[in-house]
Undergrad: 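Have a look at this one.
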Amino acid sequence: MSLLNPNTPLAYLPPTLATQFEVSRYIYAVTLGAYVWDIVINLGNDYKLLFRYKVYFPTVIYYLSRLFTLSYILTSFIFQVASVPNCQALQISLGICMALSQSTTAMLFLLRVLAVWHGNKIASGIFIFLWVTVAIASATVPFGIKGIHIGPTQQCINSQVAGYIESTLIMGLINDSAIVAAISYRILRNCVIEDSFGVRMRTFMGGGSIPQLSRALLKGGQHYYLIAVCGNIVMLVLLKDPSVPAVYHGMSSIPVVALINAMACIVFRSIKFGHISADGTTHFRSTDQSRTYLNKPSGSTLPLHVRSTCPQDGDMYTRNTNGTEIKVTQVVELDAEYERDDASLPKIAV
């Protein structure tokens, strides 16, 4: 029996696989459209970052993460819909883009957690080690995926995803979980007055006495945690399940990588523009009667290495901690990781 249209790639696939292949095309197209839209609506912000703020290493990493993530999504989309002379060459290219996207996105969150734990050499060493393992695991992706033509056509399809690629997902899951937990712990330690496990757990789940804005920041970390963890779990399940075709193995990574990168970029822009400080806290009006506040802040954010209480709505405050009165007047200059372009930066006096 001859084919009605031998140039149609789906004609050479079993009906079930053809349906899965078509679904993956839709997923890739939607993901590409959503990510491009995210770039378009943030063109103004990206222009400010490039021309109105000093460009340092974190800003370079931000743009590289956007570039590599877009390249990964675009090459994956081309792999699914375009006529490609060499499927394996394109497969290796998109694998490299994925590895670079994951490494640079993880670097954005590494910079933030290093800012939160500034001065703690043990914590910094642990998070740097986790980032290195993520980068090494990601580097195995180009060697573990294979693509072939569909029949005599020039359309491509995934034919193999090596089992060791799951190490990339596992390390990403561990790294994301550790960073969000570390930032959440620092916020809780700085902002929760009652020092008890029960209060901290209620605060972590969205209740307790943590101030409203700090609670919103903490929930933002939880949202990222859920996105990263759930996405990596889905990819792990699809990769380990032998009944799942190789088409779905690669398909699931596209929207997950795009979402995690978009979240990382949102956090970076918020820090760079001063909406939140890099240590995960923000200015709020306190009702704690044990502290007094004078004057309004000059607009500078809390320094990354301040380890005392949450920043308050004033330049000077006092607080009794274990019978010792601590007085802080003004914040110090920002760390290099997330610079602000203030003409003059206040100093600290303890």
Side-chain angles (χ1 to χ4, degrees), residues 9-10 12-14 16-32 35 64-65 67-106 133-151 153-176 228 231-261:
L10 298 183
Y12 296 93
L13 299 176
T16 301
L17 183 58
T19 300
Q20 296 166 350
F21 184 77
E22 194 69 10
V23 169
S24 69
R25 284 179 166 181
Y26 293 139
I27 296 296
Y28 285 31
V30 170
T31 303
L32 177 62
Y35 195 79
L64 288 178
S65 72
L67 175 63
F68 291 140
T69 302
L70 177 62
S71 299
Y72 172 54
I73 298 172
L74 184 59
T75 52
S76 299
F77 179 72
I78 293 174
F79 182 87
Q80 292 292 110
V81 302
S83 297
V84 179
N86 191 330
C87 293
Q88 184 59 23
L90 182 59
Q91 188 81 304
I92 293 175
S93 298
L94 69 88
I96 294 174
C97 291
M98 179 181 180
L100 293 174
S101 173
Q102 288 187 322
S103 299
T104 51
T105 299
T133 57
V134 169
I136 293 176
S138 299
T140 64
V141 172
F143 305 99
I145 51 179
K146 295 186 181 298
I148 59 174
H149 285 118
I150 302 176
T153 69
Q154 294 294 299
Q155 293 286 312
C156 299
I157 189 173
N158 290 323
S159 61
Q160 178 184 342
V161 177
Y164 60 80
I165 290 183
E166 69 184 69
S167 63
T168 304
L169 310 179
I170 294 174
M171 289 311 307
L173 177 63
I174 295 174
N175 182 68
D176 295 340
N232 285 321
I233 289 177
V234 168
M235 287 194 291
L236 278 173
V237 170
L238 293 178
L239 189 63
K240 295 297 292 182
D241 189 349
S243 64
V244 177
V247 175
Y248 283 172
H249 291 171
M251 179 192 71
S252 61
S253 65
I254 306 299
V256 172
V257 170
L259 283 173
I260 293 177
N261 177 261

Undergrad: Residues two or more places apart in sequence or in another chain: which of them pass side chain to side chain donor-acceptor pair (under 3.5 Å) with T168?
TA: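 Partners of T168 by the side chain to side chain donor-acceptor pair (under 3.5 Å) criterion come out as none, since no residue qualifies.
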Undergrad: Less than 4.5 Å apart, side chain to side chain, heavy atoms only: is that true for F68 and I96?
TA: no
Undergrad: Checking S101 side chain against C97 main chain: does a donor-acceptor pair fall under 3.5 Å?
TA: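 Here the side-chain-to-backbone pair does not exist.
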Undergrad: Counting C-beta onward and ignoring hydrogens, is there a side-chain heavy-atom pair between S83 and Q155 closer than 4.5 Å?
TA: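 Yes, close enough: below the 4.5 Å cut-off.
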Undergrad: Using side chain to side chain contact (heavy atoms under 4.5 Å, CB included) as the criterion, list what pairs up with A18, not counting sequence neighbours.
TA: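 Listed in chain order: L10, L13.
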Undergrad: Give the minimum heavy-atom separation between R25 and Q80, together with the two atoms involved.
TA: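 That would be NE-O, 3.0 Å.
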Undergrad: Find out whether M98 and S253 are in side-chain contact, i.e. whether some heavy atom of one side chain is under 4.5 Å from a heavy atom of the other.
TA: yes
Undergrad: Taking side chain as C-beta onward, heavy atoms only, is I174 less than 4.5 Å from I170?
TA: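 Answer yes - side chains close enough.
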Undergrad: Which heavy-atom pair separates S24 from M251 by the least distance, and what is that distance?
TA: CA-SD, 3.4 Å
Undergrad: Within the 4.5 Å heavy-atom criterion, are N261 and Y35 side-chain neighbours or not?
TA: yes
Undergrad: Run the side-chain donor-acceptor check on residues 139-151: report pairs under 3.5 Å with partners two or more places apart or on a different chain.
TA:
{"from": "T140", "atom 1": "OG1", "to": "A137", "atom 2": "O", "distance (Å)": "2.6"}
{"from": "H149", "atom 1": "NE2", "to": "V84", "atom 2": "O", "distance (Å)": "2.6"}
{"from": "H149", "atom 1": "NE2", "to": "P85", "atom 2": "O", "distance (Å)": "3.4"}

Undergrad: State, yes or no, whether a side-chain contact exists between L100 and T69 at a heavy-atom distance under 4.5 Å.
TA: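 Not touching, per the 4.5 Å side-chain cut-off.
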